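The block underneath contains the structure these notes are about, expressed in structure tokens.
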Amino acid sequence: MRWLTLYARSRQVPASLAAVVISAVTVWALARDGSAGPGDPRLPVLVLATGAMAASIGLSGQDLALDRTAAIRWVPRRAAHVLLCGAVVGTVLLTVQTMGKDMATTAFVVRDSAGLMGLVALGAALLGGQYAWTLPFAWLAFSFFAPPPTSTPMQVATWILLPPGTAAGTWTALVLTVAGTTAYAVAGPRR
């Protein structure tokens, strides 16, 4: 058995991938009824956040002591894991969209999947892999119930729902992606 297969199995990648696909298909089926208005970002954000939270399962291995004492370099593997998960979550949503109604633009999906995976990685570094999902969940819940973003701080707080090309949304997602991926890659999951 190759190391990549062992790594994927220890990080529960098959289960995470199944959860990402099931959530995307479920939300796509719900979006087909047309209850959400055109350009409503809540459904695609829900798909991306659910996918990022499902991918968070694999950010801590079965044995943290074994991960910390392994003879391989973890920093590039951890960074690649986070970035690959973000790419998969975004790709699943874009693939599901090809079967019917467009829910979001590619720029929106790329920005939000990258930012959410950075947030998940930051959660893993700060709270541990089992609680990595809490940061994107809390940010998503706040964004759904926050007042309309009229000021820059509110735009930063609700970056998930902003249209693509909005400076505050793009920069917030970029900072979360870089900070979260770097923290997780260097420190690993919290014990």
Side-chain angles (χ1 to χ4, degrees), residues 7-32 36 40-61 77-144 158-164 169-170 172-181 183-185 189:
Y7 181 83
R9 288 175 71 187
S10 73
R11 301 293 191 232
Q12 302 169 4
V13 171
S16 297
L17 183 59
V20 169
V21 170
I22 289 169
S23 67
V25 170
T26 302
V27 172
W28 169 77
L30 293 172
R32 290 183 63 202
D40 186 9
R42 290 178 296 179
L43 281 175
V45 165
L46 187 60
V47 171
L48 294 171
T50 304
M53 287 185 271
S56 74
I57 297 167
L59 292 184
S60 63
R77 285 177 174 81
R78 287 185 190 130
H81 185 137
V82 171
L83 297 175
L84 186 61
C85 285
V88 167
V89 167
T91 302
V92 166
L93 176 60
L94 292 173
T95 303
V96 168
Q97 280 189 160
T98 62
M99 294 188 284
K101 178 179 160 183
D102 281 347
M103 294 187 283
T105 63
T106 303
F108 182 86
V109 171
V110 168
R111 180 197 71 191
D112 280 13
S113 62
L116 284 166
M117 279 311 299
L119 200 55
V120 165
L122 188 61
L126 296 175
L127 307 171
Q130 68 272 24
Y131 299 115
W133 61 271
T134 56
L135 289 180
F137 179 80
W139 206 310
L140 177 71
F142 176 79
S143 296
F144 272 20
T158 59
W159 68 272
I160 290 177
L161 299 174
L162 294 177
T170 303
T172 304
L174 183 64
V175 166
L176 287 173
T177 303
V178 170
T181 303
Y184 176 73

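Computed from heavy atoms alone, side chains included, the values below leave out hydrogens, waters and symmetry copies. Here the structure is a predicted model, which means the values were calculated and not measured. All residue numbers in this chain count up from 1 along the given sequence.
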Legend entry - Set of residues satisfying side-chain contact (heavy atoms from CB on, under 4.5 Å) with respect to Leu174, sequence neighbours excluded: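 Leu174: side-chain contact (heavy atoms from CB on, under 4.5 Å) contacts with Trp171, Val178.
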Inset, instruction - Go through the structure and list residues passing side-chain contact (heavy atoms from CB on, under 4.5 Å) with Ala79, not counting sequence neighbours. - result: Thr181, Ala185
Inset, instruction - Working to the nearest 0.5 Å, report the span between CG of Leu161 and OG of Ser143. - result: 5.0 Å
Inset, instruction - To the nearest 0.5 Å, tell me how far Phe137 CZ sits from Ser56 OG. - result: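 OG of Ser56 is found 12.5 Å from CZ of Phe137.
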Would you list the atom pairs, donor with acceptor, under 3.5 Å between side chains in residues 85-93 and any protein atom, with sequence neighbours excluded?
unit_1 : atom_1 : unit_2 : atom_2 : d
Thr91  : OG1    : Ala87  : O      : 2.6

Anything under 3.5 Å between a donor and an acceptor, one on a side chain of residues 128-135, the other on a protein residue two or more places apart or in another chain? List them.
unit_1 : atom_1 : unit_2 : atom_2 : d
Trp133 : NE1    : Gln130 : O      : 3.1
Thr134 : OG1    : Tyr131 : O      : 2.7

Could you pull out all donor-acceptor pairs under 3.5 Å where a side-chain atom in residues 106-127 meets a protein atom, sequence neighbours excluded?
unit_1 : atom_1 : unit_2 : atom_2 : d
Arg111 : NH1    : Leu162 : O      : 3.3
Arg111 : NH1    : Pro163 : O      : 3.2
Arg111 : NH2    : Trp159 : O      : 3.1
Arg111 : NH2    : Leu162 : O      : 2.6
Ser113 : OG     : Val109 : O      : 2.8
Ser113 : OG     : Val110 : O      : 3.3

Check: residues 43-51 side-chain donor-acceptor pairs under 3.5 Å, at least two apart:
unit_1 : atom_1 : unit_2 : atom_2 : d
Thr50  : OG1    : Leu46  : O      : 2.7

